[in-house]
Amino acid sequence: MTENAAPTARRSRFGAPLPAAFFEPPTELVARALLGAVLECDTPEGRASGRVVETEAYLGAHDEACHAVVGHTPRTAPLFGAPGTAYVYLIYGMHWCFNAVTRPQGHPSAVLVRALEPLEGVALMRRRRPRARRDEDLTNGPAKLCAALGIGPEHNGRGLQRPPLVLRAGTPVDDAAVLVTPRIGITRAAELPLRFLLRDSPFVSRTPPHFVRKPYAA
DNA sequence: CATTTGATGTTCT
DNA sequence: GAACATCAAATGC
């Protein structure tokens with residue numbers, strides 16, 4: 001019995017888990033590199049996964065928009081942890097959002113995953129998000145994708161290299177397919193171009209009309 | 001299409 | 001007491 005041992009240990013159809021070293025470089029580079037990766041979440045109800053199509057970089061203790069500006073507190077503790085761990089937080093008292101922690105231990109930075117293209121478990125996602133009318137609305141926002149995949153506080157601080165929550169290597173994304181804009185929904189350091197998205201994906205969140213969209217330059 | 005508003009509770013000033 | 005890395009519904013073009 002070496003295969004199919006348990007539902008939560010099911011093999012993935014996608015790439016290998018991204019190693020901790022993947023998350024160590026400067027956060028804006030990790031945010032760009034995460035486009036095309038696969039985020040996968042196993043729960044007792046089943047597996048749901050999606051391809052990353054939109055991210056934002058939060059650069060650390062000196063980034064006024066990063067939660068770590070307030071220092072090491074119970075809430076921000078996971079941001080100071082090892083690269084490749086999950087930071088899951090509650091926003092507006094009702095929605096969970098998911099980040100992958102970046103940079104070496106003690107450097108509190110992270111990438112917010114803002115949108116996915118659904119891959120596995122679409123029927124499960126529809127049950128979890130009954131108000132989504134179209135498949136494009138299942139995971140096209142940071143709180144929507146957490147609801148659809150079943151990501152919550154139980155995942156906060158966990159490593160992303162093994163189930164239940166895993167980030168896997170995915171299909172490479174060409175620079176020409178990437179657009180950069182300011183980050184969404186923040187008031188401090190709002191002008192910095194740190195949001196990365198796939199130009200032609202119908203699964204990205206809406207870009208405010210006045211935002212500058214520019215091609216990605218490596 | 002764009003813009004506004006209400007819901008909800010934790011964190012921080 | 002205010003702010004908040006949001007969402008969905010409702011209103012105005």
Side-chain angles (χ1 to χ4, degrees), chain A residues 23 26-32 34-35 39 48 50 52-81 85-103 107-116 118 125-157 160 165 167 179-197 202-213:
Chain A
F23 298 92
T27 304
E28 63 275 23
L29 299 183
V30 178
R32 160 65 182 89
L34 277 174
L35 293 175
L39 181 61
V52 176
V53 297
E54 178 179 336
T55 60
E56 277 175 359
Y58 287 86
L59 300 185
H62 303 293
D63 175 357
E64 287 293 313
C66 183
H67 289 173
V69 279
V70 300
H72 194 304
T73 68
R75 182 201 203 194
T76 63
L79 287 170
F80 290 79
T85 67
Y87 170 52
V88 179
Y89 70 92
L90 183 66
I91 188 65
Y92 294 108
M94 39 188 146
H95 305 297
W96 298 100
C97 293
F98 165 79
N99 297 250
V101 172
T102 61
R103 309 297 285 141
H107 297 254
S109 308
V111 173
L112 172 70
V113 177
R114 287 195 53 89
L116 302 174
M125 295 189 206
R126 287 203 197 97
R127 290 198 293 279
R128 286 171 169 158
R129 287 190 35 73
R131 321 190 89 134
R133 306 207 160 249
R134 315 168 303 151
D135 283 357
E136 287 85 353
D137 298 322
L138 250 17
T139 53
N140 61 345
K144 297 177 188 179
L145 70 89
C146 283
L149 265 59
I151 297 173
E154 66 271 30
H155 300 108
N156 192 29
L160 295 169
L165 191 55
L167 260 173
L179 239 39
V180 184
T181 82
R183 295 175 290 187
I184 303 248
I186 59 171
T187 58
R188 298 173 302 184
E191 72 290 348
L192 300 179
L194 292 173
R195 171 176 177 244
F196 304 87
L197 58 124
F203 299 97
V204 296
S205 72
R206 253 183 26 92
T207 302
H210 60 281
F211 269 36
V212 176
R213 292 164 223 218

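We name chains A, B, ... by the order of the sequence lines, and we start the count at 1 in each one.
- Applying the side chain to side chain donor-acceptor pair (under 3.5 Å) test to A:Arg133 and every residue at least two apart in sequence or in another chain returns nothing.
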Output side-chain donor-acceptor pairs under 3.5 Å for residues 179-197 of chain A, partner residues at least two apart or in another chain, one line each.
{"residue": "A:Thr181", "atom": "OG1", "partner": "A:Arg195", "partner atom": "NH1", "Å": "3.1"}
{"residue": "A:Arg183", "atom": "NH1", "partner": "A:Ala57", "partner atom": "O", "Å": "2.9"}
{"residue": "A:Arg183", "atom": "NH1", "partner": "A:Asp63", "partner atom": "OD2", "Å": "2.8"}
{"residue": "A:Arg183", "atom": "NH2", "partner": "A:Asp63", "partner atom": "OD1", "Å": "3.2"}
{"residue": "A:Arg183", "atom": "NH2", "partner": "A:Ala189", "partner atom": "O", "Å": "3.4"}
{"residue": "A:Arg188", "atom": "NE", "partner": "A:Glu64", "partner atom": "O", "Å": "3.1"}
{"residue": "A:Arg188", "atom": "NH2", "partner": "A:Glu64", "partner atom": "O", "Å": "3.1"}
{"residue": "A:Arg195", "atom": "NE", "partner": "A:Glu54", "partner atom": "OE2", "Å": "2.9"}
{"residue": "A:Arg195", "atom": "NH1", "partner": "A:Thr207", "partner atom": "OG1", "Å": "3.0"}
{"residue": "A:Arg195", "atom": "NH2", "partner": "A:Glu54", "partner atom": "OE2", "Å": "3.2"}
{"residue": "A:Arg195", "atom": "NH2", "partner": "A:Ser205", "partner atom": "O", "Å": "3.3"}
{"residue": "A:Arg195", "atom": "NH2", "partner": "A:Ser205", "partner atom": "OG", "Å": "3.4"}
{"residue": "A:Arg195", "atom": "NH2", "partner": "A:Thr207", "partner atom": "OG1", "Å": "3.2"}

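- Backbone-only engagement by A:Arg131 is indicated by non-hydrogen atom pairs under 4.0 Å involving sugar-phosphate atoms exclusively.
- With sequence neighbours excluded, the residues forming a side chain to side chain contact (heavy atoms under 4.5 Å, CB included) with A:Asn156 are A:Pro78, A:Tyr87, A:Val88, listed by chain and number.
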Distances for protein N/O vs nucleotides 1-3 of chain B N/O pairs under 3.5 angstrom?
{"residue": "B:dA2", "atom": "OP2", "partner": "A:Arg206", "partner atom": "NH1", "Å": "2.9"}

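- Separation of atoms CD1 (A:Ile151) and SG (A:Cys97) is listed at 10.0 Å; rounding is to 0.5 Å.
- When DNA chain C is scanned 5' to 3' for any atom under 4.0 Å from a heavy atom of chain A, the first and last hits are C:dC4 to C:dA9.
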Acceptor/donor pairs from residues 89-96 of chain A side chains to any protein atom, 3.5 angstrom cut, sequence neighbours excluded:
none

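- The heavy-atom pair separating A:Ala31 from A:Thr55 by the smallest distance is O-OG1, 3.0 Å.
- When rounded to the nearest whole Å, the span between CD1 of A:Ile91 and P of B:dC12 equals 12 Å.
- Distance check, rounded to the nearest 0.5 Å: CG of A:Leu34 to CG of A:Leu29 gives 11.0 Å.
- Contacts of A:Arg206 classified as side chain to side chain contact (heavy atoms under 4.5 Å, CB included), with partners at least two apart in sequence or in another chain: none.
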Taking only Watson-Crick and G-U wobble pairs with both distances under 3.5 Å, what dot-bracket line describes DNA chain C, where [ ] shows pairs that cross earlier ones and | shows pairs with another strand?
||||.|||||||.
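- A donor-acceptor contact shorter than 3.5 Å links the side chain of A:Thr73 to the backbone of A:Thr76.
- Taking the side chain to side chain contact (heavy atoms under 4.5 Å, CB included) definition, one finds that A:Ser109 meets it with A:Thr27, A:Thr102, A:Arg103, sequence neighbours left out.
- The side chain of A:Thr73 places no N or O atom within less than 4.0 Å of a non-bridging phosphate oxygen (OP1 or OP2) of B:dT11.
- Of all heavy-atom pairs spanning A:Ala48 and A:Leu149, the tightest one is O-CG, 3.8 Å.
- Looking at heavy-atom distances under 4.0 Å, A:Leu112 makes contact with a base.
- For DNA chain C, the neighbouring residues in residues 57-68 of chain A, judged by any heavy atom under 4.0 Å, are A:Tyr58, A:Ala65, A:His67.
- Across every non-hydrogen atom of A:Gly50 and A:Leu116, the tightest pair is O-CD2, 4.0 Å.
- A:Ala147 is linked by a side chain to side chain contact (heavy atoms under 4.5 Å, CB included) to A:Arg129, counting only residues two or more places apart in sequence or in another chain.
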